[in-house]
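Read the numbers this way: they start at 1 and go in the same order the structure lists the ligands and their atoms.
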Amino acid sequence: MRKKIVAGNWKMNTTVPEGIELAKAVVAKSAETPANVGLIVAAPFTHLVSVASVLEGSKVELAAQNCADHEKGAYTGEVSVDMLKSAGCKWTILGHSERRQYYGETDEKLVTKTKLALGAGLGVILCVGENLDQREAGKHFEVVTEQVKNVLYNFTAEEMKHIVVAYEPVWAIGTGKTASAEQAEEIHACIRSVLAGKFGGQVAEDTTILYGGSCKPSNAAELFAQKDIDGGLIGGAALKADDFIQIALSY
Ligand code: PEP
C-alpha cells in the first residue's frame, strides 16, 4: 500500500536558529500525527546538519530542496548528493517550479539529478505542474504527462519505490489559490495512469503522489480525501509548526 506523506518545503526562509526552533516545534507535535502519515521537512542547505540532529529519534525525516547535477569536483557553490546524505538527508526535492522557472532546471537535468540522488541512497520528491497560461490553454494534462514521461520513464520499477511525485500547479503556489479537489484529483489520476503505462498498474498504485499549492489546514482534508492524493507538499503553511501538523492531522 502506498505511503501517505506530508512534506514541508521551507524554501529560502528562516535563519539557522529559527530553523532549529521550527524543527523542534514540529518534532514536539509530530507524535500526535497518525502513524501511517510520514512527515518530511525540506530545510535550506545551511540548516541541514543542525536540523538533522533535532529530528533524530523522531518520525520526521529530512529533505534537501535541490542537489547538484554532478557527483563532485569543481562546481563552486553546488551541493552534492553525497554531501546531502552525509548531512542526514533521506530525501531531496527536485524540479520544484521555482527552480524550473528561475534557475533553468530542465527535465533532462532532472533525470541526471534523480539518478545521482537515487545512487546516493536518497529518495526523490519530483515536482511537476503546469503554469497559468498552460492551464488556461487547456494544456495541463499534456504538460504534466510530458514532464512525468520525460523524467520518470528513464527509471525502473525498482527505482520508482524511492520516488514520490508532487503535483504542484504553478498558479497555485504561494498565491492562496488552491486547485479544487476535483482539479487536483483528475491530474493525480492522470499521473497514475501515465506511470501505469510504463511500469504497470502495481507500481502506479504504489507510488505516492502529493498535492502542493496553497495547501493549508482549512483545505487539506478535502484534498486528502481524494483517492489519488496521498498527502501534500506544503510551502507557506510549513513555516508554522501548528499549521503543518494540523495539515498532517487532516487524514
Ligand atoms: C511549494 O512551494 O511547494 C508550495 C506548495 O508552496 P505554497 O504551499 O506556499 O503554495
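With a 4.0 Å heavy-atom cut-off, ligand 1 is reached by the side chain of N9 but not by its N, CA, C or O. Contacts with ligand 1 closer than 4.0 Å are made by backbone heavy atoms (N, CA, C, O) of A172 only, the side chain lying farther away.
Between R2 and D230 a salt bridge is recorded (basic side-chain N to carboxylate O distance below 4.0 Å). Between D242 and K29 there is a salt bridge, with a side-chain nitrogen of the basic residue lying less than 4.0 Å from a carboxylate oxygen of the acidic one.
Qualifying salt bridge (Lys or Arg N to Asp or Glu O under 4.0 Å) partners for K72, counting only residues two or more places apart in sequence or in other chains: none.
Within ligand 1, counting atoms from 1 as listed, the ones closer than 4.0 Å to a heavy atom of G213 are 5 (C), 10 (O). Distances below 4.0 Å separate heavy atoms of G212 from the following atoms of ligand 1: 5 (C). Below 4.0 Å from some heavy atom of G174 lie the following atoms of ligand 1, by number and element: 7 (P), 9 (O), 10 (O). Contact atoms of ligand 1 toward G236: 7 (P), 8 (O), 9 (O) (distance under 4.0 Å to a heavy atom of the residue). Ligand-side atoms of ligand 1 in range of H96: 1 (C), 2 (O), 3 (O), range being under 4.0 angstrom from any heavy atom.
The option with the heavy atom closest to atom 8 (O) of ligand 1, from among G8, A7, G235, is G235.
For residues 186-213, the set of pairs meeting the ring pair (Phe, Tyr, Trp, His ring centres under 6.0 Å) definition, not counting sequence neighbours, comprises Y167-H188.
Of the listed residues (Q147, H140, R135), just one forms a side chain to side chain donor-acceptor pair (under 3.5 Å) with E130, and that residue is R135.
Ranking protein heavy atoms by distance to atom 3 (O) of ligand 1, first place goes to E168 OE2, 2.7 Å. Closest protein heavy atom to atom 2 (O) of ligand 1: K11 NZ, 2.5 Å.
Taking 4.0 Å as the cut-off, S214 counts as a neighbour of ligand 1 on heavy-atom distance.
For the residue pair K113 and N66, a side-chain donor N or O sits within less than 3.5 Å of a side-chain acceptor on the partner. Counting only N and O atoms by type, the side chains of N219 and T178 include a donor and acceptor under 3.5 Å apart. For the residue pair K59/T33, the side-chain donor-acceptor check at 3.5 Å is satisfied.
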